[in-house]
Amino acid sequence: MNYKISFDEKKPSKNAIFLYSDYTELEAFNTISNKTALLKKKITSEGSNLVFFAEEEGISFFIRLDKDAETNRKFGHECFTTLSKLKYDEVNLHTTADEKLSLAFVEGLLLSTYTFNKYKKNKKESKLKLEFFSKEISEKAVNELNIVVKSTFIARDFVNEPHSYLNATQYSNDLKKLSKDANFKVTIFDKKKIEQLKMGGLLGVNKGSIQHPTFNILEYKPEKATKTIVLVGKGVMFDTGGLSLKPTPNSMDLMKSDMAGSAAVAGAIYAISKLELPIHVVGLIPATDNRPGLDAIVPSDVITMLSGHTVEVLNTDAEGRLVLADALHYAKKYKPSLVLDFATLTGSAAAAIGSQGIVCMGTANDETKNLLKESGNEVHERLVELPLWKEYGKLIESDIADLKNIGGPVAGAITAGKFLEVFTEGYPWMHFDIAGSAFLTAPDTYKGKNGSGVGVRLLVDFLKKLANSKE
Ligand code: BES
Ligand code: ZN
Ligand code: ZN
């Protein structure tokens, strides 16, 4: 962890952040800061919502929080950037603003502290110590936020790990290790077991690789749970495209991130087990790389999936849907009340909305969809729903098999969704295509650069809502 949180330090730091929502509240800070009069002058002359005074005896920030949580997360990011630039590593936080808005600020600040420097000789790292001096923010809320931030970092770390370290077997070992630090169980199927089960999608994708696939089951089952939710995550550890090779550079060099869907699932299960939510959650992660080795499937091969469906593989780069299909079929065993899958599935989804949200589609009812969209707006991992109209199904009909694994030149994100839908009979389901937002090639405020950990905060917020809902 790159930061430390404390609540009752005897010796407060000389650096401080003051959060407020209205100018009248500034009086409250008079006793702890001699800057409030100066500040008032500065605000009226400059009209700024974020003001800081950096002096020898310390730095103080005065931040007028916004009604919009995302603006406050960005204030948190700005504040952290200034603190690190000026090399302050201790700061007190005081607030007279509402808890939720203040927490959004803290969230943005904490998420900004992330670094991935495992492979750097010079491990530059923030060691920020944040001390809370406010009755407005409860210790419980900060601890919960801390869990969510840590879980997002877990997902980011997995995504940022290169394939030279994180192959399917290593991933399984790391997931097992992660479960020991929390309260969930990990069961790992090796290649032999995957063959016995006849997971033809996962085995087909793995055929061109000398590395073995794994199928990972993460299960968090508290005593009081009523509903069972299954989370499925695409775990393509590296996507070369297989024999339908991707061009490089340009697209292949980002493909260590093709397991980001599964990283979101792992991060979310870690979080909900730490938060002890009263809900039974199962994570299914089919893991393999996609390579053009000697025995790789060739375009036009027909494979038989776990469900018994046959698929004509016309493009080996449309591999995500093949591994997900087996996991979605396997999910039926749990009689789930809802299945959610996360995947960096199509360039089409990324082209449609870029990195500013998540493309989703599925068969869940409107109430579930609305709840998900509400969570998306709250955590600012916004959802855009695409239709699964039956006419699109025509595009994945094969001449010789039950299905083919590509549609056509149009509606690529939807035809991928239509393909998955075939394997989801019997339960309500939503699919999340995070191809655009999982790996950022340019820095974006508190999300930073590279692995974003997208999906974790959305899932945690949604599962919290679901655990608290009555039926
Ligand atoms: N992993 C890719 C999708 C992807 C693209 C993720 C860009 C992140 C950024 C996926 O396996 C893929 O290659 N999809 C193909 C499907 C096509 C061949 C039908 C695509 O979207 O181009
Ligand atoms: Zn691919
Ligand atoms: Zn892929």
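As the structure lists them, so they are numbered: ligands from 1, and atoms in each ligand from 1. Computed from heavy atoms alone, side chains included, the values below leave out hydrogens, waters and symmetry copies.
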Ligand-protein N/O pairs under 3.5 Å (ligand 1):
from	atom 1	to	atom 2	distance (Å)
ligand 1	1 (N)	Lys234	NZ	3.4
ligand 1	1 (N)	Asp239	OD2	3.2
ligand 1	1 (N)	Asp258	OD1	2.9
ligand 1	1 (N)	Asp258	OD2	3.0
ligand 1	1 (N)	Thr344	O	3.4
ligand 1	11 (O)	Lys234	NZ	3.2
ligand 1	11 (O)	Asp239	OD2	2.9
ligand 1	11 (O)	Asp317	O	3.0
ligand 1	11 (O)	Glu319	OE1	2.8
ligand 1	11 (O)	Glu319	OE2	3.0
ligand 1	13 (O)	Lys246	NZ	2.9
ligand 1	13 (O)	Asp317	O	3.0
ligand 1	13 (O)	Asp317	OD1	2.8
ligand 1	13 (O)	Asp317	OD2	3.0
ligand 1	14 (N)	Leu345	O	3.4
ligand 1	21 (O)	Gly347	N	2.7

Q. Under the 3.5 angstrom rule, does the side chain of Thr240 hit a backbone N or O of Leu245 as a donor-acceptor pair?
A. no
Q) Do we see a donor-acceptor contact under 3.5 Å between the side chains of Glu219 and His280? A) yes
Q) Between the side chains of Asp317 and Ser244, is a donor N or O closer than 3.5 angstrom to an acceptor N or O? A) no
Q: Assess the side chains of Tyr119 and Glu161: does a donor N or O sit below 3.5 Å from an acceptor N or O?
A: yes
**Q.** Under 3.5 Å donor-acceptor, Thr346 side chain and Ala349 backbone
**A.** yes
Q: From the options Lys207, Lys246, Lys234, select the one residue that forms a salt bridge (Lys or Arg N to Asp or Glu O under 4.0 Å) with Glu319.
A: Lys234
Q) Which pairs pass side-chain hydrogen bond (donor to acceptor under 3.5 Å, both in side chains) with one or both residues in residues 403-420, sequence neighbours excluded? A) Lys418-Glu421
**Q.** If only protein N, O or S atoms under 2.8 Å count, total around the Zn ion (ligand 3)
**A.** 4
Q. Between Leu284 and Ile217, is any pair of side-chain heavy atoms under 4.5 Å apart?
A. yes
Q: List in chain and number order the residues that pass ring-ring contact (aromatic ring centres under 6.0 Å, His included) with Phe158, two or more places apart in sequence or in another chain; answer none if no residue qualifies.
A: Tyr171
